[in-house]
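Remarks on the structure that follows.
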Amino acid sequence: MLNRKLEQRFHSPGFITNITQGLDEYRLGKKQAEDYLSRTLFTLAPIPTPDKRARMIKLAATTLLMQRLYCRLFGHAPTQKLEEKFLLIGAMIDPYDGVQDSPNLENSVQFCADQFQVFAKDISGRMMSQPTSDDEARFYAFLPILEREVPRSEFPGFWKVLKSMHAIQTISLMQRIDVQKQLGIKLSANELFEISSTKGGLNAILFASLIDSGLADTVTNVEFPPDLSLEEVNEMRQSHITHGSLYLRGHDRLADAIYATGALVQLVDDFEDVPDDVKAGIQTAFTSDSKAMLTFLRNLPFYLHEISSQFLAAGKSREENDMVLQYLELYIARKILKRLGKFR
């Protein structure tokens with residue numbers, strides 16, 4: 001019954017109209033992102049290549065749509081200042097990911113360790129070591145702007161969640177095949193699924209905390225090791241994923257719904273990135289199990305239904321709930337079309 005109802009929704013004229021309008025809104029968001037970034041981050045050295053520039057614009061545009069969704073969910077009036085914060089943080093994802101995914105594993109681990117020191121000592125944008133790539137240099141050029149636009153004193157919740165977000169990003173080094181080989185382990189599809197879900201869930205909470213800092217209470221305080229090694233990264237995985245959690249479920253129903261939304265978004269990203277991840281030697285649940293992608297696509301209606309139920313349980317109206325579903329449907333449609341080479 002559930003599958004039939006959702007199938008009817010996906011094939012309804014209203015659904016097609018919503019997706020078309022959503023894609024148009026995304027394209028307008030890209031123009032707004034390009035204008036903002038051209039005036040700010042793109043003026044800083046090293047200037048990004050055309051491919052990097054395009055990816056930063058897309059990431060910033062995606063977070064801009066997220067900001068509009070969150071403002072409506074929290075009854076917060078959108079402002080230019082808030083939009084620019086989302087655009088800035090969205091664009092910073094690219095250089096951060098670039099360093100994390102560097103072919104040079106030693107550089108990736110050192111970067112993660114350096115960021116621990118930034119959180120521990122409140123170092124404002126000062127590099128802990130010399131940059132080893134344009135991505136790393138670009139990230140450190142952007143960091144002082146983040147600290148200026150999102151000051152720690154005014155947004156303590158954001159910085160607390162960002163600390164946990166960096167922890168799961170560090171743990172995600174375990175998704176690299178070269179790391180698993182060095183440690184002599186092999187992560188299961190379920191373990192890889194949990195890393196991705198946590199990464200996506202915390203990312204959603206991170207952006208939402210810019211509007212409601214109280215959401216940071218649902219995230220655990222993270223203690224970083226004084227020195228970082230691959231063995232310690234694996235211990236972090238066991239402490240925070242296998243035997244514990246970086247997110248405290250059940251404390252805030254709206255936060256739980258937002259977390260679930262972010263987890264699904266990350267899994268959709270993993271689905272899109274399968275060819276690139278295989279080439280780069282990165283494992284996700286979808287690269288490690290040939291049946292996982294089909295199972296995921298088949299279960300998408302159930303994931304959407306569960307998220308819908310969580311937002312309703314959090315006291316959100318049908319209209320607000322439909323707005324969340326439209327956001328997710330747009331995201332899923334855009335990613336699947338991109339995977340099929342039909343959307344840029």
Side-chain angles (χ1 to χ4, degrees), residues 1-12 14-16 18-19 22-23 26 62-63 65-66 69-70 73 168 172 175 188-208 218 241 245-247 249-250 252-274 277 283-340:
M1 178 66 71
L2 174 61
N3 252 335
R4 189 179 304 121
K5 286 182 178 179
L6 285 168
E7 185 176 353
Q8 290 172 351
R9 173 184 175 90
F10 290 161
H11 288 87
S12 68
F15 172 77
I16 301 300
N18 288 335
I19 293 299
L23 292 176
Y26 170 70
T62 298
T63 56
L65 295 183
M66 189 192 304
L69 172 67
Y70 286 165
L73 283 175
I168 186 59
S172 72
Q175 293 179 287
S188 68
N190 285 338
E191 289 172 317
L192 294 165
F193 181 92
E194 283 300 318
I195 291 174
S196 290
S197 298
T198 304
K199 190 176 357 178
L202 288 179
N203 186 64
I205 296 294
L206 175 69
F207 281 97
T218 65
I241 302 297
S245 177
L246 290 167
Y247 177 75
R249 290 179 178 82
D252 185 312
R253 285 187 171 181
L254 181 55
D256 287 349
I258 291 172
Y259 183 92
T261 301
L264 178 58
V265 166
Q266 180 60 50
L267 292 172
V268 172
D269 281 346
D270 286 353
F271 169 82
E272 177 203 355
D273 292 339
V274 166
D277 286 342
Q283 281 194 324
T284 66
F286 300 136
T287 65
S288 65
D289 184 348
S290 59
K291 298 180 181 178
M293 283 191 290
L294 290 177
T295 302
F296 175 69
L297 291 174
R298 186 173 61 246
N299 289 337
L300 267 176
F302 295 97
Y303 295 144
L304 292 171
H305 176 74
E306 177 60 26
I307 288 172
S308 173
S309 299
Q310 289 193 42
F311 275 103
L312 291 174
K316 292 303 165 181
S317 67
R318 287 286 178 184
E319 180 183 3
E320 291 169 323
N321 185 63
D322 284 345
M323 179 182 62
V324 174
L325 289 179
Q326 288 171 13
Y327 167 81
L328 284 171
E329 289 162 356
L330 167 64
Y331 196 84
I332 292 167
R334 182 162 62 85
K335 291 296 184 177
I336 291 177
L337 287 172
K338 185 178 177 183
R339 174 77 185 273
L340 296 174

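No hydrogens, no waters, no symmetry mates; every other heavy atom, side chains included, goes into these values. Everything numeric in this text was worked out from a predicted model, so none of it was measured.
- L330 places a side-chain heavy atom less than 4.5 Å from the side chain of L65.
- Evaluation of the salt bridge (charged side-chain N to carboxylate O under 4.0 Å, His left out) rule for K335 yields D269, E272 as partners, not counting sequence neighbours.
- With sequence neighbours excluded, the residues that form a side-chain contact (heavy atoms from CB on, under 4.5 Å) with F193 are S197, L267, A285.
- Listed by chain and residue number, nothing satisfies the ring-ring contact (aromatic ring centres under 6.0 Å, His included) test with Y70 (two or more places apart in sequence, or in another chain).
- Annotation: side chain of L73 is in contact with side chain of F311 (closest heavy-atom distance under 4.5 Å).
- Here the shortest heavy-atom pairing between S172 and K199 reads CB-NZ, 3.8 Å.
- Across every non-hydrogen atom of S317 and E320, the tightest pair is N-OE1, 2.9 Å.
- For R249, the side-chain contact (heavy atoms from CB on, under 4.5 Å) test picks out S245, Y247, D256, Y259, with sequence neighbours left out.
- With sequence neighbours excluded, no residue forms a ring-ring contact (aromatic ring centres under 6.0 Å, His included) with F271.
- Taken to the nearest 0.5 Å, the CD1 atom of I332 stands 7.0 Å off from the CD atom of E329.
- A donor-acceptor contact shorter than 3.5 Å is absent between the side chain of S308 and the backbone of L304.
- Y327 pairs by the ring-ring contact (aromatic ring centres under 6.0 Å, His included) definition with nothing, not counting sequence neighbours.
- The distance from the CG atom of N321 to the CD atom of Q310 is 11.0 Å, given to the nearest 0.5 Å.
- Of all the heavy atoms in A260 and I307, the pair that sits closest is O-CD1, 3.7 Å.
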Determine, step by step, whether T62 and R334 satisfy the side chain to side chain contact (heavy atoms under 4.5 Å, CB included) criterion, reporting the C-alpha distance in whole Å, the side-chain angles of both residues, the deciding distance to 0.1 Å, and the verdict.
CA-CA 11 Å; T62 298; R334 182 162 62 85; 3.1 Å; yes
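- The side-chain heavy atoms of D252 and I258, taken from C-beta on, include no pair separated by under 4.5 Å.
- Of all the heavy atoms in A255 and T218, the pair that sits closest is CB-CG2, 3.9 Å.
- Checked against side-chain contact (heavy atoms from CB on, under 4.5 Å), S188 has the following partners two or more places apart in sequence or in another chain: N190, E191.
- Once rounded to the nearest 0.5 Å, the distance linking CG of L300 with NE2 of H305 reads 14.5 Å.
- T287 pairs by the side-chain contact (heavy atoms from CB on, under 4.5 Å) definition with V274, D277, V278, Q283, T284, not counting sequence neighbours.
- Across every non-hydrogen atom of I168 and I241, the tightest pair is CD1-CD1, 3.7 Å.
- Applying the side chain to side chain donor-acceptor pair (under 3.5 Å) rule to D270 yields the partners S196, Q266; only residues at least two apart in sequence or on another chain are considered.
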